[in-house]
Amino acid sequence: MKTYILYVAVLSLSWTLSSALKEEDCEVCIKTVQRFADSLTDNLKKDTKKIEEKFKEFCKTQKNKEHRFCYYLGGLEDSATGILGELSRPLSWSMPADKVCEKLKKKDAQICDLRYEKQIDLNTVDLKKLKVRDLKKILTDWDETCDGCLEKTDYIKRIEELKPQYTRTEL
């Protein structure tokens, strides 16, 4: 019986270690939760209702991806659902941001789908190493299309054609 309990404990620990979120897996959540947690004063950190009220105030000033994150959690007036308790309870226990986001991801997977936009330096980047999604984004940012593009090489060719119009070359 002791062996079985030890085996279950080891499995549980290994699952916990292997399932830990990396910052790049859930970057908007982890950074936003960390910034919010850092803004809380000691007297607020133990009261879940006050944490939720503060989060709603915090969300009023957020923009872009952080605003979308607030929407998913229920921190905005127009949020369709609310899982603020999944944020406030762990924060009241001083749980780290990555673990809070792990719990939130279990409730709503799209929370970790939020990603910050990566800036691409077209003068130094190897277009072949980018994903098609990133190549399409470059064209979209330029308000250009790639009619008839089916493969990655088609997108690369189109970007190379348009590159002189949209990038500055430093002399």
Side-chain angles (χ1 to χ4, degrees), residues 1-122 125 129-143 152 155:
M1 182 67 171
K2 287 181 183 179
T3 307
Y4 174 76
I5 293 171
L6 180 61
Y7 176 73
V8 170
V10 168
L11 277 179
S12 175
L13 179 61
S14 66
W15 181 82
T16 303
L17 292 174
S18 66
S19 69
L21 283 179
K22 296 181 193 93
E23 188 170 330
E24 62 270 9
D25 294 338
C26 202
E27 62 185 344
V28 173
C29 179
I30 292 172
K31 287 182 179 177
T32 306
V33 169
Q34 188 61 57
R35 269 191 318 113
F36 173 67
D38 291 345
S39 74
L40 295 174
T41 58
D42 288 338
N43 62 342
L44 287 175
K45 287 184 180 178
K46 298 297 176 201
D47 187 345
T48 58
K49 291 294 178 205
K50 287 183 181 177
I51 291 173
E52 290 174 20
E53 289 170 17
K54 270 296 195 202
F55 186 72
K56 287 179 180 179
E57 286 177 33
F58 173 82
C59 286
K60 289 178 183 175
T61 62
Q62 300 307 301
K63 298 195 179 344
N64 302 323
K65 303 294 181 179
E66 293 86 357
H67 186 266
R68 176 61 49 190
F69 174 74
C70 287
Y71 175 80
Y72 289 157
L73 260 61
L76 301 172
E77 298 277 327
D78 61 342
S79 293
T81 60
I83 55 171
L84 284 179
E86 300 298 322
L87 171 75
S88 62
R89 278 191 305 281
L91 284 179
S92 72
W93 308 326
S94 300
M95 186 178 281
D98 60 333
K99 294 294 181 189
V100 173
C101 291
E102 220 174 281
K103 289 175 121 355
L104 291 170
K105 183 180 180 182
K106 289 177 186 171
K107 292 290 179 183
D108 187 352
Q110 64 186 342
I111 286 171
C112 286
D113 290 341
L114 292 169
R115 300 272 191 263
Y116 290 116
E117 309 261 332
K118 307 239 180 322
Q119 295 295 25
I120 299 170
D121 182 3
L122 288 168
V125 73
K129 292 186 178 181
L130 295 178
K131 295 181 178 180
V132 172
R133 172 183 66 205
D134 297 326
L135 298 171
K136 286 180 178 180
K137 183 174 180 339
I138 291 168
L139 291 170
T140 303
D141 290 348
W142 290 345
D143 289 326
K152 185 175 184 174
Y155 289 99

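When a residue number appears, it is its place in the shown sequence, counting from 1.
Using a 4.5 Å heavy-atom cutoff, the side chains of R115 and E27 are in contact. Side-chain atoms of P96 and E102, non-hydrogen and from C-beta on, never get closer than 4.5 Å to each other. L91 has its side chain within reach of F36: a pair of non-hydrogen atoms, C-beta onward, lies under 4.5 Å apart. Side chains of S92 and K46 form no contact here, defined as non-hydrogen atoms less than 4.5 Å apart. A heavy-atom distance below 4.5 Å is found between the side chains of K56 and L84. For the pair K131 and K136, the minimum side-chain heavy-atom distance is 4.5 Å or more. The closest side-chain heavy-atom distance from I111 to L73 is below 4.5 Å.
Of the inter-residue distances, the one linking L114 atom CG with H67 atom NE2 reads 12.0 Å to the nearest 0.5 angstrom. Annotation: the span from L40 atom CG to F58 atom CZ amounts to 9.5 Å, rounded to 0.5 Å. To the nearest 0.5 angstrom, I51 atom CD1 is 7.5 Å from L44 atom CG. For the atom pair D98 CG and K105 NZ, the distance stands at 12.5 Å (nearest 0.5 Å). Here the CZ-CG distance, from F69 to L104, works out to 5.5 Å after rounding to the nearest 0.5 Å. Put simply, CG on L87 and OG1 on T48 are 10.5 Å apart, with the number rounded to the nearest 0.5 Å.
Salt-bridge annotation for E86 and R89: present, with a side-chain N of the basic residue lying under 4.0 Å from a carboxylate O of the acidic one. Between K60 and E77, no side-chain nitrogen of the basic residue sits less than 4.0 Å from a carboxylate oxygen of the acidic one, so the salt-bridge criterion is not met. A salt bridge is absent between K50 and E53: the closest approach of a Lys/Arg side-chain nitrogen to an acidic carboxylate oxygen does not fall below 4.0 angstrom.
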Item to check | Evaluation steps, side chain to side chain contact (heavy atoms under 4.5 Å, CB included), between L135 and K152 | outcome: CA-CA 8 Å; L135 298 171; K152 185 175 184 174; 3.7 Å; yes
Item to check | Test side chain to side chain contact (heavy atoms under 4.5 Å, CB included) applied to Y72 and T81, step by step | outcome: CA-CA 7 Å; Y72 289 157; T81 60; over 6 Å; no
Checklist entry - Taking it one step at a time, do K45 and D42 satisfy side chain to side chain contact (heavy atoms under 4.5 Å, CB included)? => result CA-CA 5 Å; K45 287 184 180 178; D42 288 338; 3.9 Å; yes
Item to check | Audit row: L76, Q62, side chain to side chain contact (heavy atoms under 4.5 Å, CB included) steps and yes/no | outcome: CA-CA 10 Å; L76 301 172; Q62 300 307 301; over 6 Å; no
Checklist entry - How far apart are the C-alpha atoms of C101 and C29, what are their side-chain angles, what is the distance that settles it, and do they pass the disulfide bond (SG atoms under 2.5 Å apart) test? => result CA-CA 6 Å; C101 291; C29 179; 2.0 Å; yes
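When every heavy atom of G75 is checked against every heavy atom of C59, the shortest pair comes out as O-CB, 3.6 Å. Across all their heavy atoms, S79 and C70 have their closest contact at OG-O, 3.8 Å.
E66 and T32 form no side-chain donor-acceptor contact under 3.5 Å, judged by distance and modelled atom types alone. Between Q110 and R68, the side chains place no donor N or O within less than 3.5 Å of an acceptor N or O (distance only, hydrogens not considered).
Residue K49 places its NZ atom among 12 or fewer non-hydrogen atoms of other residues, nucleotides or ligands, all under 6.0 Å distant.
Every residue two or more places apart in sequence or in another chain was checked for a side chain to side chain contact (heavy atoms under 4.5 Å, CB included) with Q119, and none qualifies.
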